[in-house]
A.B. asks: 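Got a structure here, written out as structure tokens. Questions coming.
Note that these values count all heavy atoms, side chains included, but never hydrogens, waters or copies made by symmetry. Below, read A as the first sequence line, B as the second, and so on, with proteins coming before strands; counting in each chain starts at 1.
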Number of protein chains: 2
Amino acid sequence: MSNEKRTSIKDLAASLGVSTALVSFVLNGKAKQHRISEEMAQRVIKKAKEMNYSPNLVAKNLRGGKSQLIGVLVTDISNPFYSTISRIIEDRASELDYTVLFSSSDEDLESTKRLIRVLVNKGVEGLIVVPCDGSKEVIEELCHDEVPLVLVDRHFPDVKVGYSVLDNFKATELITRHLIENGYSRISVISYETEMNHIKERVAGYEETMRKAGFTEYLNVNRINLSNPRSEMHDTLKRLLKAKTDAVVCLTNMLSVNGIYCLKEMKVRIPEDLAFVGFNRSDVFNLLENPITYIKQPLERIAIEAVNILVDKINNDNTRGKGFIAEPELVIQSSTPKKKVLSRLD
Amino acid sequence: MSNEKRTSIKDLAASLGVSTALVSFVLNGKAKQHRISEEMAQRVIKKAKEMNYSPNLVAKNLRGGKSQLIGVLVTDISNPFYSTISRIIEDRASELDYTVLFSSSDEDLESTKRLIRVLVNKGVEGLIVVPCDGSKEVIEELCHDEVPLVLVDRHFPDVKVGYSVLDNFKATELITRHLIENGYSRISVISYETEMNHIKERVAGYEETMRKAGFTEYLNVNRINLSNPRSEMHDTLKRLLKAKTDAVVCLTNMLSVNGIYCLKEMKVRIPEDLAFVGFNRSDVFNLLENPITYIKQPLERIAIEAVNILVDKINNDNTRGKGFIAEPELVIQSSTPKKKVLSRLD
DNA sequence: CAGTTTAGCTTAATCGTTTTAGCTATTTAT
DNA sequence: ATAAATAGCTAAAACGATTAAGCTAAACTG
């Protein structure tokens with residue numbers, strides 16, 4: 001880090017009066033293999049410390065044809081959910097001697113295509129991607145092109161690709177069961193218009209649990225158009241309240257926060273007037289008079305597994321389609337208390 | 001992006017029947033300078049597109065010391081404040097054809113040193129750093145070593161280095177003036193133990209404004225030890241309330257959120273029992289019964305200017321110590337209403 | 001028409017490593 | 001004593017780009 005240029009392997013070799021090859025062998029632990037004398041090896045190691053040598057990564061990578069770079073494409077790294085994941089990815093990648101390049105697609109298909117190309121052109125050895133709506137073909141193509149790839153948060157079950165995601169079905173199963181056990185029955189879901197599998201799974205988990213409990217008649221899934229979430233959320237909630245909905249489950253964090261804001265504006269009290277369940281931790285959940293019950297994702301495991309799987313793929317190409325499915329945790333707070341009145345009789 | 005390995009400049013040269021030098025000249029915009037015929041230049045460019053050529057960053061870096069890489073070291077990229085800045089830095093850098101490497105120091109001096117070394121080792125041409133407490137020497141050394149450097153969010157006024165920061169003095173001046181105008185006088189500040197200049201400036205802005213208003217007797221700055229913020233915050237707030245404090249100003253976002261949580265636990269109402277001002281936008285500020293008045297930083301400008309200054313420095317080494325100081329904006333909400341009772345008479 | 005310019009290229013060194021192939025002197029085997 | 005084996009090292013190419021220096025043929029000069 002000082003002003004003179006860094007010690008190179010050449011400097012070391014010169015000052016020891018040996019070849020660069022010898023130095024390289026020793027410092028890479030291949031001394032035995034190349035029959036370098038024990039005494040020589042010690043001298044090299046000592047000198048390397050003396051001269052504060054550290055290998056030039058760039059040269060190393062050039063020679064090895066390895067960039068030790070991985071690309072991460074999330075929808076928006078300024079979103080706390082993704083920035084948390086990104087942070088963990090960066091930490092884990094760093095442990096494994098990889099450097100991470102980040103990009104944000106803003107949920108846009110064209111950006112996704114472009115940014116993936118940019119990352120690949122920058123020489124990344126693999127990609128971790130949060131695929132946006134409609135990106136299935138792009139992802140499929142990418143797999144074909146033999147770029148090691150791991151999807152995070154969302155994935156396409158019929159595409160042979162690595163993934164690390166939540167068990168989304170189980171998440172809403174947990175939520176719905178909890179609500180039913182606490183006496184709710186007219187449970188409605190607020191979702192958004194999408195073809196993405198993770199949302200479908202969340203809907204399915206809710207629907208199946210409701211059916212099993214014999215509440216088929218109360219099944220109620222509302223899909224909001226994200227171009228105007230606030231006003232659509234308002235209308236939806238109004239409608240649900242009129243229809244005597246017991247409890248509302250929002251399927252994403254953004255929907256949850258929006259829902260809470262709307263309910264506040266509408267002077268609807270949680271849980272007195274309506275029980276409420278959110279998705280993914282958020283400061284706002286805990287600051288309300290009655291903190292919100294929500295699904296917590298094990299972000300750390302999801303992110304670490306994503307990196308592990310990716311690096312595995314980079315090293316052995318035989319591991320197509322490996323995946324990790326994380327267990328959701330239901331954090332029960334006071335937005336979903338036991339109902340006073342029996343729900344079947346109201 | 002296809003299965004075969006990437007096109008190199010050699011492949012291009014071979015398929016055109018020319019030397020690699022020619023190709024390099026053309027693709028680096030030095031065709032004129034090296035008297036390459038216009039026709040030849042066009043053929044090279046066309047072929048490069050056809051073969052989807054993109055330069056190998058690693059090789060470029062090794063040869064020229066030009067990596068088009070910049071390093072960004074924030075304290076924690078999963079913190080929304082820094083992830084927002086990071087996102088904008090990434091976008092702006094990308095426009096200028098730079099790739100960004102991110103790291104998080106966790107406010108730790110040793111990590112700061114290590115990560116800066118790692119980034120420099122990875123070949124970054126410049127650094128954008130949020131310096132942690134006690135990092136002044138590290139930063140000074142870095143300037144000496146001729147690594148282009150821009151500090152963000154916090155800086156050291158007596159170190160000749162680029163910076164892009166808020167006008168912190170003005171921020172608390174705005175807050176304090178607003179509070180005084182609304183009839184508050186026993187205004188207390190909650191800060192934390194640090195030598196960092198930005199915090200000192202915030203304190204100074206408060207103190208000077210209070211003095212000018214003749215409220216020297218009410219000056220009250222409380223410094224919390226961050227090793228145990230929650231309980232210290234509790235104690236501090238209790239003490240302040242006993243001392244009939246009118247209004248509390250928290251000097252960072254983390255302190256603000258903590259403060260709000262504590263007040264909620266203590267059943268202290270904002271603003272009925274205590275007026276409250278926070279720092280940096282946060283969802284929690286807007287979800288309270290009475291949304292919080294806070295200082296908003298123009299993050300976009302701060303981040304963009306940081307990149308601009310850095311790239312400037314990378315290109316002309318004569319611009320040591322350039323800086324940008326951003327205007328704070330006071331977002332006035334209902335946590336600081338006009339006081340009913342005259343404060344001088346209570 | 002001989003000498004000088006100039007246009008338009010190429011050659012080859014270089015960055016800091018890794019690694020294959022091979023060299024030399026000594027030891028061992030026969 | 002001589003061939004074969006081995007120990008201990010080195011030479012040099014390679015990774016993919018950049019760039020200083022030089023080369024050749026055509027164009028210009030007087």
A.B. asks: Taking CG from A:Leu57 and P from C:dC15, how many angstroms apart are they, rounded to a whole number?
C.D. replies: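 So the CG-P distance, A:Leu57 to C:dC15, works out to 18 Å.
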
A.B. asks: Roughly, in whole Å, what's the span from CD1 in A:Ile9 to P in C:dT19?
C.D. replies: 11 Å

A.B. asks: Hey, does B:Ser37 reach any base, or is it just sugar-phosphate, or nothing, if we go heavy atoms under 4.0 Å?
C.D. replies: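 It contacts sugar-phosphate atoms only.
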
A.B. asks: Taking NZ, NE, NH1 and NH2 as the nitrogens, is one of them in B:Arg114 or B:Asp108 under 4.0 Å from a carboxylate oxygen of the other?
C.D. replies: no

A.B. asks: Main chain of B:Gln68, side chain of B:Glu125: is a donor-acceptor contact present, judged purely on distance under 3.5 Å?
C.D. replies: yes

A.B. asks: Would you say A:Ser104's side chain and A:Ile77's backbone share a donor-acceptor pair under 3.5 angstrom?
C.D. replies: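 Yes, A:Ser104 side chain to A:Ile77 backbone: donor-acceptor pair under 3.5 Å.
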
A.B. asks: Taking the side chain of A:Thr20 as its heavy atoms from C-beta onward, which of C:dT18, C:dT10, D:dT10 lies nearest to it?
C.D. replies: C:dT18

A.B. asks: Take the protein atom CG of B:Leu22 and the nucleotide atom P of D:dT18, then report the distance between them rounded to whole Å.
C.D. replies: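 About 13 Å, once rounded to whole Å.
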
A.B. asks: Whether B:Glu90 and B:Arg87 form a salt bridge (side-chain N of Lys/Arg under 4.0 Å from carboxylate O of Asp/Glu) is what I want to check.
C.D. replies: no

A.B. asks: Is there a side-chain polar atom (N or O) of A:Lys60 under 4.0 Å from OP1 or OP2 of C:dT18?
C.D. replies: yes

A.B. asks: OP1 or OP2 of D:dA17 sitting under 4.0 Å from any side-chain N/O of B:Ser24?
C.D. replies: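 The answer is no; no side-chain N or O of B:Ser24 sits under 4.0 Å from OP1 or OP2.
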
A.B. asks: Minimum heavy-atom separation for B:His155 to B:Asn197, with atom names?
C.D. replies: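 Closest heavy-atom pair between B:His155 and B:Asn197: O-CB, 3.3 Å.
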
A.B. asks: Mark yes or no for whether B:Asp11, through its side chain, and B:Ser8, through its backbone, hold a donor-acceptor pair below 3.5 Å.
C.D. replies: yes

A.B. asks: How many Å lie between CD on A:Gln33 and C1' on C:dT18, as a whole number?
C.D. replies: 12 Å

A.B. asks: Kindly give the atom pairs (protein nitrogen or oxygen, nucleotide nitrogen or oxygen) under 3.5 Å for nucleotides 20-25 of chain C.
C.D. replies:
none

A.B. asks: So, are A:Arg154 and A:Glu107 salt-bridged, with charged N and O less than 4.0 Å apart?
C.D. replies: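 Looking at A:Glu107 together with A:Arg154, the answer is yes, because their closest N to O distance falls below 4.0 Å.
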
A.B. asks: Categorize B:Lys30 for me: base, sugar-phosphate, or nothing, with a 4.0 angstrom heavy-atom threshold over every strand shown.
C.D. replies: sugar-phosphate

A.B. asks: Base of C:dT18, side chain of A:Arg63 - is there a donor-acceptor contact under 3.5 Å?
C.D. replies: yes

A.B. asks: Does B:Gly17 or B:Gly64 map to a spot on DNA chain C nearer the 5' end, using the closest nucleotide for each?
C.D. replies: B:Gly17

A.B. asks: In whole angstroms, how far is the P atom of D:dA17 from the CG atom of B:Asn56?
C.D. replies: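 Distance check: B:Asn56 CG to D:dA17 P gives 5 Å.
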
A.B. asks: Look at B:Ser8 and D:dG16 and indicate whether a side-chain polar atom (N or O) is within less than 4.0 Å of OP1 or OP2.
C.D. replies: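 For D:dG16, neither OP1 nor OP2 has a side-chain N or O of B:Ser8 closer than 4.0 Å.
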
A.B. asks: Take atom CG of B:Leu27 and atom C1' of D:dT19, then tell me their distance rounded to the nearest Å.
C.D. replies: 15 Å

A.B. asks: Go through C:dG16, D:dA17, C:dT11 for me and flag the one nearest to the B:Ser19 side chain.
C.D. replies: C:dT11

A.B. asks: Are B:Asn28 and D:dT18 close enough that a side-chain N or O sits under 4.0 Å from OP1 or OP2?
C.D. replies: yes

A.B. asks: Could you tell me whether A:Val18 contacts a base, only the sugar-phosphate backbone, or nothing, with contacts defined as non-hydrogen atoms closer than 4.0 Å?
C.D. replies: sugar-phosphate

A.B. asks: Rounded off to whole Å, could you give me the NZ-to-C1' distance for the B:Lys32 and D:dT19 pair?
C.D. replies: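 In whole Å, D:dT19 C1' lies 20 Å from B:Lys32 NZ.
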
A.B. asks: Ignoring backbone atoms, establish whether B:Lys10 has a side-chain N or O less than 4.0 Å from OP1 or OP2 of D:dC15.
C.D. replies: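 True: B:Lys10 side-chain N/O within range (under 4.0 Å) of D:dC15 OP1/OP2.
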
A.B. asks: Take the protein atom CG of B:Asp11 and the nucleotide atom P of D:dC15, then report the distance between them rounded to whole Å.
C.D. replies: 10 Å

A.B. asks: Does the distance from a Lys or Arg side-chain N to an Asp or Glu carboxylate O, for B:Lys47 and B:Glu50, drop under 4.0 Å?
C.D. replies: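 Salt bridge: yes.
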
